[in-house]
Amino acid sequence: MSRIRQHVRGTRHTVTAGVAAATATLLAVTLSPAAHADARPTRATAVENAASALLAHAATLGLTSAQDAGVRDVIVDGNGTQHVRYDRTYHGLPVLGGDFVVHLAADGGYRGADRATRQAVSLPSVTPRVSGPKAAGLAVNALRAANLGEALKQIKARPELVVDALHGGPKLAWRTNAVGRDSLGNPVARTVLTDARTGAQIDAWDSIETATGDGTSLYSGTVPLETTQSGSSYQLKDPTRGNTFTGDAEGKTDLCFFGICFSRAPATLFTDADNHWGTGTTADRASAAVDAQYGTNETWDYYKNIHGRNGIAGDGKGSYNRVHYGNKYNNAFWDDSCFCMTYGDGDGTTFGPLVALDVAGHEMSHGVTSKTAALTYSGESGGLNEATSDILGTMVEWYANNSSDTGDYLIGEKIVKPGFGKAALRFMDKPSKDGSSADYWSSSVGNLDVHYSSGVANHFAYLLAEGSGAKTINGVSYDSPTYNGSTVTGIGQDKVGKIWYRALTVYMTSSTNYKGARTATLNAAKDLYGAGSTEYNAVAAAWSAVNVS
């Protein structure tokens with residue numbers, strides 16, 4: 001038999017042998033489900049119930065005495081159903097693809113689990129043959145190659161020993177984050193996964209999750225802002241949303257490696273004398289700050305009011321924004337290490353300041369993904385990661401109902417300048433209109449850049465919301481085709497957002513691919529609307545229409 005040891009923090013469970021110890025531990029950490037029969041279980045109760053489930057179903061979950069399981073996220077449904085998400089370690093090493101979600105009934109009973117991989121996690125040794133410095137050097141070379149040989153500066157790399165269970169059989173690997181600066185001083189980063197026995201590259205992906213965009217109050221119009229009074233002036237800090245705030249990066253950039261910062265661009269809090277912020281022009285540095293703060297507010301409200309999620313991490317804590325980052329920086333990104341959003345000003349030819357509403361929703365949704373399914377940023381999982389941000393960022397735009405930036409299915413339409421050559425970054429009704437994205441699934445879609453493989457899920461989401469064929473919505477013309485020639489009837493963007501969010505937070509794992517996304521969204525539709533419902537059948541039809549069946 002196995003036992004579950006719960007650490008003081010109540011979030012890590014270790015599986016070892018011993019019948020007597022198992023009994024003692026269960027008495028110590030597990031509350032009787034009957035004790036909670038009269039009330040909705042709390043998050044703490046869900047963790048305790050999950051501890052019992054891990055003990056009883058260790059073999060099914062592939063847990064052994066060599067492994068730890070740490071709680072990453074907890075969801076308790078309105079009917080008391082519980083979903084506890086875990087990360088896995090093997091002899092103390094993180095297991096990529098080892099994550100799983102335990103599903104519990106309202107009374108704490110085990111209902112099942114979703115696992116990123118079902119392979120047994122076991123290795124003959126955790127001693128690498130390839131040294132850490134060697135892996136670091138290979139990652140640096142990969143970073144240079146990914147940047148087309150540009151003369152990068154201040155390159156550093158930090159390898160971490162992991163167990164890779166995402167790419168075939170489990171193997172010992174080095175996960176190395178290589179970072180540097182380009183010729184303009186802006187950050188570049190790449191994560192490289194190297195076989196720790198042979199030195200072969202297993203996978204590699206960009207470490208900065210990106211979406212380009214632009215937004216000033218000229219686009220968002222006059223928007224309400226909650227601020228904080230300090231003496232005779234006001235701070236651009238919102239006490240009603242976890243003290244989220246916006247600061248000026250002053251054209252500087254970070255020099256950070258794996259959570260350790262040698263220097264970090266500032267976030268000098270914006271202040272104002274009369275609580276009227278910005279002028280709607282880029283000549284006023286506060287104008288970009290207005291839209292950054294507004295985007296944060298709308299994203300916070302969307303997740304809280306629609307999905308019941310209190311903040312990006314679900315813990316009520318606010319993030320913060322930095323605007324005017326870098327030198328003509330054509331990017332915006334979410335960074336877990338600072339729990340913050342960062343916006344460049346753009347080069348003025350291709351993009352302007354990247355503070356548009358759908359960009360804010362997109363990037364902060366990366367934070368939600370990181371705290372829940374943690375979809376790996378490569379292959380089909382990477383496409384789903386990017387699509388999640390496109391889909392939920394689009395839902396934020398619809399939720400905001402801003403007359404100056406009406407809801408649409410275009411990504412980054414406000415940010416593009418004539419030099420970009422297209423009306424938007426991406427087009428959800430027919431993703432291939434950007435010249436690179438995939439409209440339909442194929443066996444090679446996982447080989448595309450994640451911003452292009454995301455097209456399959458973006459197309460699915462559009463079809464599920466609005467249906468196939470030609471139509472005009474809010475003044476924008478769409479014409480969405482289907483792979484199988486079928487006619488798809490939409491169920492509306494509100495339901496799409498709810499289905500996708502539940503699939504992400506309850507059923508998807510780090511290794512979910514398009515086939516798994518179909519299953520996850522069908523499960524979500526069944527939970528929300530019932531098996532065989534109009535919504536359930538529409539999900540199935542929309543996936544088939546993009547060749548995921």
Side-chain angles (χ1 to χ4, degrees), residues 166 203 205-206 209-211 358 362 365-366 369 373 375-395 408-412 422 424-469 478-488 490-491 493 495-497 499-504 507-525 538-549:
L166 284 172
D203 200 355
W205 56 89
D206 289 337
E209 296 169 337
T210 66
D358 59 352
H362 174 108
S365 292
H366 275 307
T369 297
L375 288 157
T376 301
Y377 206 60
S378 66
E380 290 189 21
S381 299
L384 286 166
N385 189 316
E386 273 298 315
T388 292
S389 284
D390 279 351
I391 293 166
L392 294 177
T394 293
M395 298 308 152
D408 55 49
Y409 298 94
L410 308 176
I411 307 301
K422 291 187 284 286
L425 296 175
R426 290 184 289 281
F427 306 82
M428 296 179 72
D429 66 317
K430 188 178 181 182
S432 61
K433 286 195 291 187
D434 67 9
S436 300
S437 291
D439 290 333
Y440 311 114
W441 182 87
S442 70
S443 59
S444 62
V445 76
N447 297 326
L448 296 176
D449 179 279
V450 295
H451 295 86
Y452 304 141
S453 60
S454 62
V456 179
N458 283 345
H459 193 189
F460 157 81
Y462 174 86
L463 288 168
L464 185 59
E466 302 295 346
S468 56
Y478 303 98
D479 193 357
S480 193
T482 59
Y483 179 83
N484 54 6
S486 64
T487 298
V488 177
I491 59 174
Q493 72 269 3
K495 290 181 178 179
V496 173
I499 289 170
W500 195 271
Y501 177 81
R502 183 164 180 84
L504 174 76
Y507 294 110
M508 291 186 186
T509 66
S510 60
S511 67
T512 297
N513 56 16
Y514 273 112
K515 179 180 178 181
R518 178 187 173 104
T519 300
T521 49
L522 284 170
N523 284 337
V539 169
W543 278 123
S544 295
V546 295
N547 198 33
V548 180
S549 59

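Position 1 is the first residue of the sequence, and the numbers go up from there.
- A donor-acceptor contact shorter than 3.5 Å is absent between the side chain of Arg518 and the backbone of Trp543.
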For the pair Ile499 and Ile491, evaluate side-chain contact (heavy atoms from CB on, under 4.5 Å) and give the outcome as yes or no after the intermediate values.
CA-CA 11 Å; Ile499 289 170; Ile491 59 174; 4.0 Å; yes

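- Classification of the Tyr462-Tyr478 ring pair by plane angle, with boundaries at 30° and 60°, yields tilted.
- Contact of the Met428 side chain with the Ser480 side chain is not registered, since no non-hydrogen atoms from C-beta on lie closer than 4.5 Å.
- Aromatic ring orientation, His366 versus Tyr377: perpendicular (interplanar angle above 60°, classes split at 30° and 60°).
- Between Ile391 and Asn458, the closest side-chain pair of non-hydrogen atoms falls below 4.5 Å.
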Any chance you could lay out the side-chain contact (heavy atoms from CB on, under 4.5 Å) test for Val456 and Tyr514, step after step, and finish with the verdict?
CA-CA 8 Å; Val456 179; Tyr514 273 112; 3.5 Å; yes

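- The OH atom of Tyr483 sits 15.0 Å away from atom CG of Leu463, with the distance rounded to the nearest 0.5 Å.
- Paired with Leu504 under the rule side chain to side chain contact (heavy atoms under 4.5 Å, CB included), one option of Thr521, Asn385, Thr369 passes, and it is Thr369.
- For the pair Thr509/Thr512, a side-chain contact is recorded, criterion being any heavy-atom separation below 4.5 Å from C-beta on.
- Looking only at distances, a side-chain donor or acceptor of Thr376 sits under 3.5 Å from a matching main-chain atom of Ser510.
- Between Arg426 and Glu386, the shortest heavy-atom contact is NH2-OE1, 4.1 Å.
- Closest approach of Ala524 and Ala503 over heavy atoms only: CB-N, 3.7 Å.
- Separating the OG atom in Ser389 from the CG atom in Leu384 is a distance of 11.5 Å, to the nearest 0.5 Å.
- Tyr440 places a side-chain heavy atom less than 4.5 Å from the side chain of Pro481.
- Using a 4.5 Å heavy-atom cutoff, the side chains of Trp441 and Lys515 are not in contact.
- Of all non-hydrogen atoms in Ala438 and Leu448, the two that sit nearest each other are CB-CD1, 4.0 Å.
- For Tyr507, the ring pair (Phe, Tyr, Trp, His ring centres under 6.0 Å) partners at least two apart in sequence or on another chain are His103.
- Heavy atoms only, all atoms of each residue included: Val488 and Ala545 are closest at CG2-CB, 3.8 Å.
- Here the shortest heavy-atom pairing between Val450 and Gly379 reads CG1-O, 4.2 Å.
- Between Asp358 and Thr394, every side-chain heavy-atom pair lies at or beyond the 4.5 Å cut-off.
- The CG atom of Asn547 sits 8.5 Å away from atom OG of Ser544, with the distance rounded to the nearest 0.5 Å.
- Judged by distance alone, with hydrogens and angles left aside, the side-chain atoms of Thr482 form a donor-acceptor pair with the main-chain N or O of Gly485 at under 3.5 Å.
- A donor-acceptor pair under 3.5 Å links the side-chain atoms of Asp429 to the main chain of Asp479, judged by distance alone.
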Evaluate side-chain contact (heavy atoms from CB on, under 4.5 Å) for Gln493 paired with Tyr409, printing each intermediate quantity in order.
CA-CA 10 Å; Gln493 72 269 3; Tyr409 298 94; 3.5 Å; yes

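- Residue-environment remark: NZ (Lys430) stays at or below the threshold of 12 foreign heavy atoms within 6.0 Å.
- With sequence neighbours left out, the ring pair (Phe, Tyr, Trp, His ring centres under 6.0 Å) criterion links Phe427 to no other residue.
- Here the side chain of Ser453 pairs no donor or acceptor atom with the backbone of Gly446 at under 3.5 angstrom.
- Listed for the His459 side chain is a donor-acceptor partner under 3.5 Å among the backbone atoms of Asp439.
- Although no hydrogens or angles enter the test, the distance criterion places no donor-acceptor pair under 3.5 Å between the side chain of Ser454 and the main chain of Ala387.
- If you check the side chains of Asp434 and Ser436, you find no donor sitting under 3.5 Å from an acceptor.
- If you take OG on Ser549 and CG on Asn484, they are separated by 8.0 Å, rounding to the nearest 0.5 Å.
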